[in-house]
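A short write-up of the structure that comes next.
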Amino acid sequence: MDDEKEMMDFLGIKSIEELFSDIPESVKIGGLDIGDGIDEHSLRIKAREILSKNKTSFDMPIFLGAGVYQHYIPSGVFSVASRSEFYTAYTPYQPEISQGMLQTLFEYQSYIAELTGMDVANASMYDYATALGEAARMANAINGKNEILIPKNLQWEKKSVLRNYVKGLDMKIIEYPYDSKTGKINIEELKRLINEKTAAVYAENPNFFGVIDENVLKIREFGNFVFIVGINPISLGLLKPPGDYGADIVIGEGQILGNPINFGGPLLGIFATKMEHVRKMPGRLIGMSKDRDGKRAFVMTLQTREQHIRRAKATSNICSNEALCAVFSAAYLSFLGKSGLKKLAEINMGRAEETRKMICSIRGYTNAHDSLHFNEFVVKLPFEEIKVHRFLLSKGIHGGYLMNTWSNNSFPELGNAMLLNVTEVHTDSDIKRLVDALKEVK
Amino acid sequence: MDDEKEMMDFLGIKSIEELFSDIPESVKIGGLDIGDGIDEHSLRIKAREILSKNKTSFDMPIFLGAGVYQHYIPSGVFSVASRSEFYTAYTPYQPEISQGMLQTLFEYQSYIAELTGMDVANASMYDYATALGEAARMANAINGKNEILIPKNLQWEKKSVLRNYVKGLDMKIIEYPYDSKTGKINIEELKRLINEKTAAVYAENPNFFGVIDENVLKIREFGNFVFIVGINPISLGLLKPPGDYGADIVIGEGQILGNPINFGGPLLGIFATKMEHVRKMPGRLIGMSKDRDGKRAFVMTLQTREQHIRRAKATSNICSNEALCAVFSAAYLSFLGKSGLKKLAEINMGRAEETRKMICSIRGYTNAHDSLHFNEFVVKLPFEEIKVHRFLLSKGIHGGYLMNTWSNNSFPELGNAMLLNVTEVHTDSDIKRLVDALKEVK
Amino acid sequence: MFHQAVWDEKLIIEMKGKRSLRLPYEDRDYNVEIPDILKRSELNLNDNEEHEVLRHYVRLSQMNYGVDLNTYPLGSCTMKFNPKLSEEIVSMDQVRYIHPYQDQSTVQGALQIMYELQEYLKVIGGMDAVTLQPVAGADGEFTGLLLVRAYHENRKDYKRREIIVPDSAHGTNPASSTMAGFTTIEIPSDKNGLVDLNALKEALSEKTAAFMITNPNTLGIFDENILEIARLVHEKGALLYYDGANLNGIMGITTPGKMGFDIVHFNLHKTFATPHGGGGPGAGPVGVKRHLEDFLPVPVVRYDGKYYYLDYNVKNTIGKVAGFYGNFAVLVRAWAYIKLQGGNGLRKVTERAVLNTNYIRKKLQGHYDLPYKELRKHEVVFSGSNLKKYGVRTLDVAKRMLDYGVHAPTIYFPLIVEEALMIEPTETESKENMDHLADIMIKIAQEAEKDPELLKTAPHNTAVKRIDEVEAARNPVLTWKMIK
Amino acid sequence: MFHQAVWDEKLIIEMKGKRSLRLPYEDRDYNVEIPDILKRSELNLNDNEEHEVLRHYVRLSQMNYGVDLNTYPLGSCTMKFNPKLSEEIVSMDQVRYIHPYQDQSTVQGALQIMYELQEYLKVIGGMDAVTLQPVAGADGEFTGLLLVRAYHENRKDYKRREIIVPDSAHGTNPASSTMAGFTTIEIPSDKNGLVDLNALKEALSEKTAAFMITNPNTLGIFDENILEIARLVHEKGALLYYDGANLNGIMGITTPGKMGFDIVHFNLHKTFATPHGGGGPGAGPVGVKRHLEDFLPVPVVRYDGKYYYLDYNVKNTIGKVAGFYGNFAVLVRAWAYIKLQGGNGLRKVTERAVLNTNYIRKKLQGHYDLPYKELRKHEVVFSGSNLKKYGVRTLDVAKRMLDYGVHAPTIYFPLIVEEALMIEPTETESKENMDHLADIMIKIAQEAEKDPELLKTAPHNTAVKRIDEVEAARNPVLTWKMIK
Ligand SMILES: Cc1ncc(COP(=O)(O)O)c(C=O)c1O
Ligand SMILES: Cc1ncc(COP(=O)(O)O)c(C=O)c1O
């Protein structure tokens with residue numbers, strides 16, 4: 001109070017109102033009708049009250065994946081990310097006093113480049129979906145062409161985001177089909193659709209059905225388009241990196257690497273490319289340099305691509321990104337290391353495949369796609385999707401993603417079907433409960 | 001693995017066993033039969049499973065105090081105490097690299113000295129009970145006498161701990177009575193019991209009944225003993241500090257100042273005294289000094305009182321203390337500040353007194369002590385203690401401390417009685433629920 | 001004197017160790033038969049002990065500056081105190097461990113918080129509807145501009161493909177405009193740093209889709225002509241867009257809605273005290289007036305009086321702008337912040353932010369050039385051009401500030417001020433801190449005269465000395481595999 | 001090169017601000033009528049903004065060294081990595097917000113964890129019963145010695161009032177002995193640093209209540225005569241007490257029970273990886289053999305196969321040694337640590353700790369004097385007396401180590417080694433770290449010869465330079481009101 005008085009005296013004003021004398025009376029409002037503030041403790045109680053209405057994966061097993069995934073997050077990851085020097089920092093505009101964040105992001109970029117087999121990765125995009133949008137725009141910037149081929153069985157949210165991202169470029173989105181038996185790319189059809197207007201081909205491995213698709217290996221040779229590959233970063237502990245099969249851009253969901261799902265946000269868009277394309281790349285890049293003593297130092301670099309310098313001509317409008325999520329992921333990958341990542345990929349694949357077999361041996365439940373899967377898979381159900389879902393819920397189990405009920409895609413060929421995800425966090429007993437419950441549905 | 005191999009090669013050993021060749025085979029064991037280790041995530045699940053059997057004060061209002069108290073702890077206190085530079089440090093044996101902890105403890109000492117009105121406070125004792133034990137021993141060290149007078153209505157746990165602490169000195173513990181109408185010290189009786197053998201008189205304000213007792217003001221003039229006063233540190237926002245009425249030693253429970261109750265531990269023993277007694281004081285002391293550049297610096301001091309130097313002649317055996325709890329308290333007091341502490345004392349007293357009145361206006365429930373109370377009070381019940389308790393529990397309310405059922409003290413003059421605590425964390429609705437439920441017991 | 005921690009920290013890949021952290025179910029054998037052609041052959045990573053990883057990042061964190069350490073007067077960024085309770089709340093299982101596709105009956109708490117936040121933002125922005133989906137300010141802009149486009153196209157008005165922005169605009173404004181398929185027309189500010197009404201009039205046409213501004217603008221000056229601007233824009237059939245990054249200067253005093261804006265994005269990580277995370281995540285909800293409501297992204301959170309639900313039925317929805325429902329954990333923090341402040345509290349936030357700004361403005365006047373008028377809202381832009389005579393640039397002033405253990409202001413933005421030093425103290429800095437900040441800056445102005453080398457070689461007390469940024473861009477080393 | 005963070009940090013009382021943090025129900029009026037004579041008149045504190053308080057302590061924390069930063073080879077203290085999951089668990093509401101007097105049906109989770117921990121410690125200690133109540137190692141010793149006393153007195157053997165300890169014992173041992181009303185008899189170690197059997201025999205008598213040792217001892221040497229020692233002690237009707245601070249050297253290889261000890265205290269904050277908190281809280285549970293079980297403090301946690309409960313019916317209980325049931329939140333962490341390790345894991349902990357110790361022992365041999373034999377368990381004590389010729393003391397070596405960003409070993413303990421440097425690496429240090437530590441210490445030994453001043457004026461890279469400890473003790477300034 002006294003402080004404010006002193007400051008007002010210094011300014012020679014009698015009331016705070018004077019500081020707002022430049023705001024026309026006609027636009028002033030009487031106040032904000034949103035109630036009074038409350039003290040911290042009352043909010044602590046209130047937040048617990050409200051949030052207790054949520055059921056978490058500790059309250060019931062949840063077999064949902066479909067874009068974001070439950071994984072074990074080492075407690076140390078939270079310790080790192082909750083260092084207030086990290087989380088209360090702004091973008092490292094003054095690098096000399098921000099080496100911690102810069103080096104961590106440099107490590108993140110390096111990890112992603114290593115995993116994807118690409119030359120460079122940026123310091124983050126918002127999420128997988130917007131990374132796809134940015135990738136499509138970048139393809140257009142690279143070759144000036146206007147058509148992008150995407151899988152028909154792409155998650156509808158990604159399609160929708162992509163549509164918005166390329167709208168400004170008047171790019172055409174063309175869907176290529178998949179083989180309904182295997183769930184893999186219909187590679188002949190894809191080949192047929194590629195022509196001189198093709199700016200980019202986008203393929204996912206594993207795809208939305210969880211199917212591992214070796215067809216991605218063939219796409220590069222189909223032409224001179226920008227080849228965009230979407231990955232699950234953990235699967236790269238086992239699978240060939242897209243860099244090895246000619247990808248120009250690799251995108252994916254980085255939430256998977258040590259970030260909690262948080263009801264779907266914040267997430268972390270992975271974005272990697274080849275060095276030759278780097279100046280067309282969206283997003284922030286951290287580079288290694290030296291300080292005036294010749295000591296290794298890190299700094300934001302190639303900023304001339306970015307909006308604060310290039311404005312209307314920037315490669316993207318992105319400014320705030322998901323830096324802290326990248327910190328989570330750098331720490332996560334460091335805790336896991338090479339052996340952990342490989343092992344984790346194995347565990348995911350192994351346990352999901354086991355579960356798939358168990359479920360598909362129940363009468364009426366069948367395998368939708370006769371392929372290898374990473375950590376999720378589609379099962380055809382003998383009952384209405386929603387019925388199975390509700391029955392499971394009544395048993396305290398949250399089933400998978402309902403392929404036709406919840407998706408704006410439709411998959412009529414699947415009939416009633418559920419996309420089930422199994423990772424290392426699903427216990428033996430969780431899986432047994434799921435299988436037992438499925439047996440009981442009638 | 002390789003590391004270990006390299007180290008073994010360096011040592012010229014072939015197996016780790018060789019490092020244990022000095023342990024006689026006859027004492028070796030086959031292993032520890034406590035099961036296999038589990039991974040972090042499985043433990044995360046298990047811990048939640050087990051702990052979910054606890055009901056917290058967010059699950060039900062809890063009107064228990066009786067030594068440890070529920071208070072609002074600013075979230076920032078946890079942020080401070082969870083800085084790993086603080087919590088993963090050892091005792092600051094190398095002060096130059098430990099200024100953070102040392103300054104914080106110096107601030108804690110200063111806060112306690114200020115609150116209690118004493119010259120100095122140590123950096124912590126284990127808890128209130130052991131602080132009493134140490135105070136009694138210190139009294140004996142000061143004047144060589146052997147009798148300590150304590151209130152009859154002292155919490156039985158404290159009596160028991162005290163007995164153990166003075167056992168080695170063969171001190172005699174004498175209980176002085178209280179006035180059953182007011183719950184205050186029977187001051188004439190106390191005066192009568194004091195004589196030339198009296199090493200110390202111990203009095204509490206507020207006392208175990210929550211009663212505020214102005215009789216403490218008279219005790220000093222009864223003689224030349226060591227006057228030990230037990231306090232609730234928050235009450236000192238309103239009440240005269242014991243330093244003002246002649247206390248030689250002030251003790252209390254520091255948990256109250258920003259530490260969670262944690263099922264009763266860790267706690268924080270407050271211990272303050274006069275400068276003239278400082279060399280008889282138990283526990284660690286932080287002092288201010290200078291470094292070789294003349295810069296202010298902090299350091300552990302007067303260590304010649306302590307066990308690592310004085311060994312069998314030390315003032316106490318305490319080594320590890322409750323430093324981190326003192327950090328909680330220093331941060332807590334800083335967040336509250338002078339105005340907060342005063343206000344908090346008012347809120348506690350005000351709300352508890354209001355609740356007391358509400359309860360005592362229910363037919364059959366009566367005021368046990370016709371006095372002012374701080375934040376707890378004894379109510380005489382019209383039914384068996386345990387019956388009232390169980391009824392409340394069935395209504396999702398945890399009542400107060402059962403004076404005769406749970407205490408090894410007995411308070412026959414009270415009949416069925418409950419010690420109820422109300423602080424700022426008890427909401428209006430909690431209190432209403434309690435009062436309404438009490439009305440319903442039959 | 002201040003010195004930042006210095007650890008000669010290796011890159012994680014340069015460390016050596018073995019993995020100590022165990023995974024669930026890792027002791028079993030899995031028969032994973034990937035076709036050879038798809039099998040990964042190499043993975044150039046290392047293994048590390050949990051302990052060493054932790055130390056590595058804790059040490060790195062000590063070499064980073066955050067608002068929890070000291071003053072962070074980064075203009076336009078609104079670096080205010082981030083309540084710790086928000087962090088406590090978002091670390092609850094009920095926030096972390098819920099999946100966006102969960103049956104809505106199992107996430108009523110999450111939906112309630114989102115709904116309440118939507119309602120609060122409507123009031124604060126003076127808008128009729130809000131989407132929480134955009135995940136950053138720029139994403140909010142992009143969303144807003146997609147709405148602009150959808151609005152005009154819905155009216156079959158396809159020729160409106162121009163967005164006008166003032167030259168004082170943040171870079172994201174033109175960049176977002178491009179992303180949404182518009183051409184950006186930049187108009188110069190007038191001599192007061194404000195919208196030049198004549199220039200605006202000239203630029204406006206039937207091709208104008210929207211005029212995009214922030215008020216107070218990036219100089220921290222409130223444009224008193226705002227109603228006239230709104231009239232001009234609307235008269236031409238265009239929409240008026242509000243960049244909410246500067247909401248901290250007017251919250252509770254006025255609203256974008258009241259000023260005539262049709263669309264506003266909120267920067268929750270600025271105005272609403274969610275931590276910036278070293279560069280993100282943020283959240284950039286968008287509010288619109290009634291006539292744009294039907295275009296909002298799906299889903300929208302609704303409440304039927306008993307049950308919260310996600311509504312995908314938005315008539316002319318533009319679809320989605322991010323994968324799910326926005327940055328939920330950031331939304332929760334903003335919700336908590338608003339709950340703590342309440343309506344009066346938010347107004348006080350603004351009042352104090354503006355008081356602080358004008359206080360430091362007056363303290364520094366005379367030591368640094370102050371272009372344009374005196375009265376500012378939540379931020380003030382000085383110019384360091386008075387120090388040029390000593391061979392010292394604003395960059396040097398900024399670097400030297402770091403030596404005193406405070407962060408530098410935003411520099412070289414907005415572009416219309418030469419050698420700009422853009423200071424935003426925010427409401428959470430005490431007078432004591434601002435006096436301290438002013439003392440430092442005044443001292444540095446004196447140092448510039450007496451010992452310009454000291455500034456030009458600054459910083460001296462940070463983990464590293466001044467970095468060669470040119471070299472970094474000339475020979476980019478962007479990953480550890482590019483290190484030679 | 002390493003530099004610790006330096007902030008010229010005020011005392012909190014020297015700061016200025018107003019309280020920004022609101023209390024529940026603070027807006028009401030309370031009619032609090034305290035009699036004037038009991039009313040406080042003055043309270044010399046200040047008010048501060050939440051933000052500033054937070055920054056103050058965050059900055060201070062950067063000027064503190066913890067095991068999360070780097071190697072912390074403090075002998076006898078077992079500074080190992082503290083699992084982060086333990087911190088996550090104890091921050092749950094179900095740990096923080098439960099009251100010790102709660103109806104036991106509402107704290108079954110807490111009681112289960114305590115019960116399980118008791119059972120684990122029984123096995124690890126080779127004991128028959130355990131109390132979790134003592135809140136530190138020294139409190140465990142005190143409790144153990146009260147049990148010794150109760151045991152003898154129960155047998156009407158009142159003359160046993162002597163506790164024998166070796167001269168290598170930790171200071172808490174004799175101090176605890178005094179507290180429990182015993183006289184301490186210190187016996188010299190033999191030329192191997194071990195219990196001198198003859199001295200022990202001489203000291204033992206009908207007055208001996210117990211012999212208190214640790215094995216491996218504070219030199220890190222395992223006393224091979226332990227069974228003989230146990231025989232001698234028991235033969236004289238005395239008890240054998242195990243100071244568990246050194247359990248990290250034998251866990252899973254042997255147990256105190258197997259070695260013939262009657263009583264053991266555990267240092268959970270050492271062996272069981274609970275963080276030391278900058279000086280505490282710790283936890284010092286005590287295990288006993290059957291013949292002492294009836295004397296344990298109340299309550300004991302029991303389990304009837306369905307229900308966990310607190311049992312106050314212990315026949316000859318000594319009563320209580322702390323206010324409630326021990327340092328519960330510390331117990332939970334130790335429980336978590338044991339769960340993570342399991343039986344085999346704990347054995348591996350010991351193996352690696354011992355391997356690390358002998359590795360660094362061999363690396364440093366020749367650079368520092370190594371008194372006594374080579375083979376050590378979990379710690380090793382060197383002597384810096386070889387550097388005396390350069391005018392350098394162990395203290396100087398320790399201070400110089402800080403300049404390299406590592407913590408110093410324990411110095412001047414045990415007392416039987418001149419200029420002692422007591423190194424305990426623990427199992428959680430990697431080979432790389434130990435090589436680094438050895439390199440630093442070797443380099444310092446060289447510096448001692450070449451540039452002794454460098455050591456005598458060390459440290460140079462810490463927040464403050466070497467502190468005048470003598471002045472601090474001569475004119476104690478123990479609170480801010482004592483500052484002149
Ligand atoms: C005025 C202004 N507009 C827009 C933005 C972009 O916001 P974001 O970084 O959240 O994308 C910023 C951020 O600095 C800004 O200051
Ligand atoms: C050998 C030994 N015994 C006993 C203790 C005392 O333990 P605490 O500090 O937990 O009281 C210590 C602590 O340093 C010790 O090293």
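Lettering follows sequence order; numbering is per chain, from 1.
- With hydrogens and angles disregarded, a donor-acceptor distance shorter than 3.5 Å links the side chain of B:Ser160 to the backbone of D:Lys320.
- A distance of 15.5 Å separates OH of D:Tyr65 from OH of B:Tyr90, quoted to the nearest 0.5 Å.
- Taking the six-membered ring where the residue is Trp, the centroids of D:Tyr97 and B:Phe58 are separated by under 6.0 Å.
- In terms of heavy-atom pairs under 4.5 Å with chain D, the best-connected choice from B:Gly76, B:Ala121, B:Ser84 is B:Ser84.
- In this structure, no portion of B:Ala123 lies under 4.5 Å from any heavy atom of chain D.
- Using a 4.5 Å cut-off between heavy atoms, B:Ser82 does not touch chain D at all.
- Distance CD1/D:Ile113 to CZ/B:Phe263: 10.5 Å, rounded to 0.5 Å.
- A donor-acceptor pair under 3.5 Å is formed between the side chain of D:Gln4 and the backbone N or O of B:Ile97.
- Heavy-atom minimum distance, B:Arg292 versus D:Lys465: CG-CB, 3.6 Å.
- Contacts between B:Arg163 and chain D at a heavy-atom distance below 4.5 Å are absent for every atom of the residue.
- Between chain B and the options D:Thr255, D:Thr457, D:Leu340, D:Leu402, heavy-atom pairs under 4.5 Å are most frequent for D:Leu340.
- Looking at every heavy atom in both residues, B:Lys343 comes nearest to D:Glu26 through CE-O, 3.1 Å.
- B:Glu346 and D:Arg28 are not joined by a salt bridge, as no carboxylate oxygen comes within less than 4.0 angstrom of a charged side-chain nitrogen.
- Listed here is the closest heavy atom pair of B:Gln94 and D:Ala398: NE2-CB, 3.7 Å.
- Here the CE-CG distance, from B:Met7 to D:Asn358, works out to 10.5 Å after rounding to the nearest 0.5 Å.
- Only the side chain of B:Asp127 comes within contact range of chain D, with heavy atoms under 4.5 Å apart.
- Contact of B:Phe86 with chain D is made through backbone and side chain together, with heavy-atom distances under 4.5 Å.
- Interface residue B:Val278: only side-chain heavy atoms are found under 4.5 Å from chain D.
- D:Arg40 places a side-chain N or O within 3.5 Å of a backbone atom of B:Leu115 that can act as its donor or acceptor partner.
- Among D:Thr183, D:Leu69, D:Ile13, D:Ile318, the residue making the largest number of heavy-atom pairs under 4.5 Å with chain B is D:Ile318.
- Side chain of D:Asn64 to main chain of B:Glu85: a donor-acceptor pair is present (N/O by atom type, distance under 3.5 Å, no hydrogens or angles).
- Only the side chain of B:Val299 has a heavy atom closer than 4.5 Å to any heavy atom of chain D.
- Neither the backbone nor the side chain of B:Thr304 comes within less than 4.5 Å of any heavy atom of chain D.
- Atom CD1 in B:Ile261 sits 4.5 Å away from atom NE2 in D:His99 (nearest 0.5 Å).
- Of the atoms belonging to B:Arg44, heavy atoms from both backbone and side chain fall under 4.5 Å from chain D.
- Side-chain N or O atoms of D:Glu351 include none that pairs as donor or acceptor with a backbone N or O of B:Ile16 at under 3.5 Å.
- In this pair, B:Tyr111 and D:Trp480 present their aromatic rings perpendicular. The plane angle is above 60°, beyond the 30 to 60° band.
- Here the NZ atom belonging to B:Lys28 is positioned 12.0 Å from the CE atom belonging to D:Met259, to the nearest 0.5 angstrom.
- Looking at every heavy atom in both residues, B:Ala66 comes nearest to D:Phe324 through O-CZ, 4.2 Å.
- Checked by atom type and distance alone, the side chain of B:Gln109 pairs as donor or acceptor with a backbone atom of D:Leu478 at under 3.5 Å.
- Counting non-hydrogen atoms of other residues, nucleotides and ligands closer than 6.0 Å to CG of B:Asp33 gives a total of 12 or fewer.
- Chain B forms the most heavy-atom pairs under 4.5 Å with one residue out of D:Gly181, D:Ala136, D:Ser176, and that residue is D:Ser176.
- Side chain of B:Arg137 to main chain of D:Met179: a donor-acceptor pair is present (N/O by atom type, distance under 3.5 Å, no hydrogens or angles).
- When the shell of 6.0 Å around NZ of B:Lys46 is examined, it contains 12 or fewer heavy atoms from other residues, nucleotides or ligands.
- For the residue pair B:Ser334/D:Tyr57, the side-chain donor-acceptor check at 3.5 Å is satisfied.
- Between chain B and the residues D:Asn344, D:Asp139, D:Asn82, D:Ile124, the most heavy-atom pairs under 4.5 angstrom are made by D:Asp139.
- Judged by a 6.0 Å distance limit and a 45° cone about the ring axis, D:Lys377 is positioned over the six-membered ring of B:Phe20.
- A donor-acceptor contact closer than 3.5 angstrom links the side chains of B:Ser320 and D:His276.
- Checked by atom type and distance alone, the side chain of D:Thr178 never pairs as donor or acceptor with a backbone atom of B:Lys313 at under 3.5 Å.
- Residue D:Lys339 qualifies as enclosed at atom NZ: its count of foreign heavy atoms under 6.0 Å is above 12.
- Residue B:Leu236 touches chain D through both its backbone and its side chain, counting heavy-atom pairs closer than 4.5 Å.
- Taking both residues in full, the closest heavy atoms of B:Ile29 and D:Gly252 are given as CG1-O, 3.6 Å, listed atom of the first, atom of the second, then distance.
- Put simply, of D:Pro476, D:Ala138, D:Gly319, D:Gly126, the one with the most heavy-atom pairs under 4.5 Å next to chain B is D:Ala138.
- Of the listed residues (D:Thr184, D:Leu74, D:Asp93), the greatest number of heavy-atom pairs within a distance under 4.5 Å of chain B belongs to D:Asp93.
- With B:Ser289 contributing its side chain and D:Asp468 its backbone, the two residues share a donor-acceptor pair below 3.5 Å.
- Using a 4.5 Å cut-off between heavy atoms, B:Leu217 touches chain D through its side chain atoms alone.
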Audit row: D:Gln62, B:Arg83, side-chain contact (heavy atoms from CB on, under 4.5 Å) steps and yes/no:
CA-CA 9 Å; D:Gln62 286 198 343; B:Arg83 291 286 303 175; 3.9 Å; yes
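- B:Asn54 places a side-chain N or O within 3.5 Å of a backbone atom of D:Gly109 that can act as its donor or acceptor partner.
- With a threshold of 4.5 angstrom between heavy atoms, B:Phe298 approaches chain D through its backbone and through its side chain.
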CA sep, side-chain torsions, deciding dist, call: D:Val90, B:Asn262, side-chain contact (heavy atoms from CB on, under 4.5 Å):
CA-CA 9 Å; D:Val90 299; B:Asn262 283 328; 5.9 Å; no
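- Interface remark: B:Ile23 contributes backbone and side-chain atoms alike to the contact with chain D (heavy atom separation under 4.5 Å).
- Here the closest non-hydrogen pair linking B:Leu43 and D:Ala336 is CD2-O, 3.4 Å.
- B:Glu353 does not touch chain D: none of its heavy atoms, backbone or side chain, sits under 4.5 Å away.
- Taken from NZ in B:Lys290 to CD1 in D:Ile467, the straight-line distance is 12.0 Å, to the nearest 0.5 Å.
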Given the rule in the side-chain contact (heavy atoms from CB on, under 4.5 Å) test, do B:Ile62 and D:Thr106 qualify, once you have shown the distances and angles that lead to the verdict?
CA-CA 11 Å; B:Ile62 298 176; D:Thr106 68; over 6 Å; no
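- Side-chain contact, D:Asp47 with B:Ser339: a donor N or O sits under 3.5 Å from an acceptor N or O.
- Under the ring-ring contact (aromatic ring centres under 6.0 Å, His included) criterion, B:Tyr87 pairs with no residue, sequence neighbours left out.
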